[in-house]
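Accompanying notes for the structure given below.
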There are 2 protein chains.
Amino acid sequence: MQKQQLLTKNQQIIFDLIDKSTEPMKAYAILFNVQKKGIKAPLQVYRALDKLVEIGKIHKIESRNAFIACQNSSCQVSKATAFSICEICEKVTEISSASLSKYLTNFKDKDGMKYSKYNLEFFGLCKKCR
Amino acid sequence: MQKQQLLTKNQQIIFDLIDKSTEPMKAYAILFNVQKKGIKAPLQVYRALDKLVEIGKIHKIESRNAFIACQNSSCQVSKATAFSICEICEKVTEISSASLSKYLTNFKDKDGMKYSKYNLEFFGLCKKCR
DNA sequence: TACATAGTGTTATATTATAACAATTTACTA
DNA sequence: TAGTAAATTGTTATAATATAACACTATGTA
Ligand SMILES: [Zn+2]
Ligand SMILES: [Zn+2]
Ligand SMILES: [Zn+2]
Ligand SMILES: [Zn+2]
């Protein structure tokens with residue numbers, strides 16, 4: 001059992017905001033929302049985001065420059081992530097498929113190289129948007 | 001047989017540069033390199049990049065905000081891409097594995113949803129850096 | 001020709017992210 | 001418990017990435 005990571009004040013404020021959000025949040029939208037709580041500068045946001053990503057509490061959606069809370073209780077470290085992204089409404093869902101993660105974690109390239117980390121983003125239309 | 005896409009002048013200049021590069025290129029590094037050829041503004045670069053990505057001649061490495069020429073002659077459209085990225089030297093290689101692309105193209109999530117596009121980035125250490 | 005479509009050139013601006021430095025808090029240990 | 005290293009914070013400034021808006025030009029085709 002891994003020791004539960006305690007969040008600092010800024011990290012907690014920012015995590016709570018992202019966690020409550022129903023959609024991925026961008027850094028400056030986060031900044032705008034936490035200014036009333038005393039977080040005034042971009043760096044304060046980015047530092048908290050970096051840490052939260054590092055410990056796996058949130059993930060960055062690279063194609064959108066946005067951040068989402070981990071929806072997968074087992075993601076204690078951010079090293080194997082997969083998302084589905086709707087190209088119309090921009091809804092993002094973290095995919096948790098044992099077979100997918102097994103396949104990718106064990107994937108070896110032509111040279112037999114195995115990787116320590118991956119990020120996969122699927123694009124399509126969600127149920128509502130079809 | 002798909003009609004060969006003809007590139008415009010700016011597109012060709014920028015594609016040639018990226019194609020010759022041994023590493024992914026960032027937009028402003030591209031701009032710097034093509035200024036002597038008359039491409040002076042970021043927008044001229046980004047417009048060419050957008051088009052080249054759209055037709056599959058180059059791909060964007062999302063985690064690096066950089067662009068690489070397609071190394072896979074069959075990628076006429078950019079809709080199923082996979083890369084390996086060395087976390088030390090930043091070397092990027094396009095992975096072309098029939099079994100991987102088959103697995104991902106056919107992947108369905110819990111709701112039975114199939115996706116029209118994906119991008120996968122693997123991270124690790126390349127041969128040289130291990 | 002007339003029209004639609006795609007591409008270009010240009011200026012300005014928006015968005016995303018980091019550098020540098022000083023101060024403070026926290027956790028560990030001598 | 002004082003000492004100290006590590007992590008976090010606050011702050012200002014700036015770097016890096018990307019798009020808006022508008023006028024103009026080339027290209028294909030009816
Ligand atoms: Zn997760
Ligand atoms: Zn949707
Ligand atoms: Zn390709
Ligand atoms: Zn390497």
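Lettering of chains follows the sequences in order, A, B, ..., and the numbering in each one begins at 1.
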field: Gap between atoms NZ and P, on B:K37 and C:dG9 respectively (whole Å)
entry: 14 Å
- request: Calculate, to the nearest 0.5 Å, the distance between atoms CG and CD1 belonging to A:L17 and A:I13 respectively.
  value: 10.0 Å
task: Might you point out which heavy atoms bring B:S116 and A:E87 nearest each other, and give the distance in Å?
output: OG-OE1, 4.1 Å
- prompt: The side chain of A:N10 lies closest to which of these nucleotides: D:dT8, D:dG10, D:dC22?
  reply: D:dG10
A:K26 vs C:dT16: side-chain N/O to OP1/OP2 distance below 4.0 Å: yes
task: Please name the residue in the list B:T105, B:N106, B:D109 that meets the side-chain hydrogen bond (donor to acceptor under 3.5 Å, both in side chains) test with B:Y115.
output: B:D109
field: Bend angle of the helix from C:dT1-D:dA30 to C:dA30-D:dT1, from helix axes over five pairs at each end, nearest 10°
entry: 30°
- request: Send over the distance from B:I30 CD1 to D:dA16 C1', rounded to a whole Å.
  value: 14 Å
query: Which other residues belong to the hydrophobic cluster containing B:L125, where Ile, Leu, Val, Met, Phe, Trp and Tyr are joined when side-chain heavy atoms lie under 4.5 Å apart, directly or via other members?
result: B:I88
message: With a cut-off of less than 4.0 Å, is there a side-chain N or O of B:Q44 near OP1 or OP2 of C:dG9?
response: yes
field: First encountered from the 5' end of DNA chain D, between A:P42 and A:A48
entry: A:A48
- request: Examine distances only and state if a side-chain atom of A:E94 and a backbone atom of A:Q71 form a donor-acceptor pair shorter than 3.5 Å.
  value: yes
- line: Rounded to whole Å, OH of B:Y46 lies from C1' of C:dG7 at a distance of 19 Å
- prompt: Looking at D:dT8, C:dT16, D:dT19, which one has an atom nearest to any side-chain atom of A:Q11?
  reply: D:dT8
field: Closest heavy-atom pair and its distance - A:S63, A:I85
entry: OG-CD1, 3.7 Å
message: Looking at D:dG10, I'd like to know if its phosphate oxygens (OP1 or OP2) sit under 4.0 Å from a side-chain N or O belonging to A:K40.
response: no
- prompt: Quick one: the side chain of A:Y28 and the base of C:dA14, do they pair up donor-acceptor inside 3.5 Å?
  reply: no
- request: Grab the NZ-P distance between A:K9 and D:dT9 for me, whole Å please.
  value: 7 Å
task: Kindly state whether the ring of B:F107 and the ring of A:F122 have centres lying under 6.0 angstrom apart.
output: yes
message: Rounded to whole Å, how long is the line connecting atom CE of A:M25 with atom P of C:dT16?
response: 12 Å
- request: Rounded off to whole Å, could you give me the CD1-to-C1' distance for the B:I13 and C:dG7 pair?
  value: 13 Å
- request: For B:Q11 and B:L52, work out which heavy atoms get closest and say how close.
  value: O-CD1, 3.8 Å
- prompt: What integer distance in Å separates B:L43:CG from D:dT17:C1'?
  reply: 12 Å
- prompt: Would you say a side-chain N or O of A:K60 is under 4.0 Å from OP1 or OP2 of C:dA17?
  reply: yes
field: Residue closer to the 5' end of DNA chain C, B:A41 versus A:F67 (nearest nucleotide)
entry: B:A41
- request: Report yes if a side-chain nitrogen or oxygen of A:T8 is closer than 4.0 Å to either non-bridging phosphate oxygen (OP1 or OP2) of C:dT25; otherwise report no.
  value: no
- prompt: If only side-chain N and O atoms of B:N65 are considered, is one of them under 4.0 Å from the OP1 or OP2 phosphate oxygen of D:dA16?
  reply: no
- request: Whole angstrom is fine here: how far is it from CZ in A:R47 over to C1' in C:dA22?
  value: 11 Å
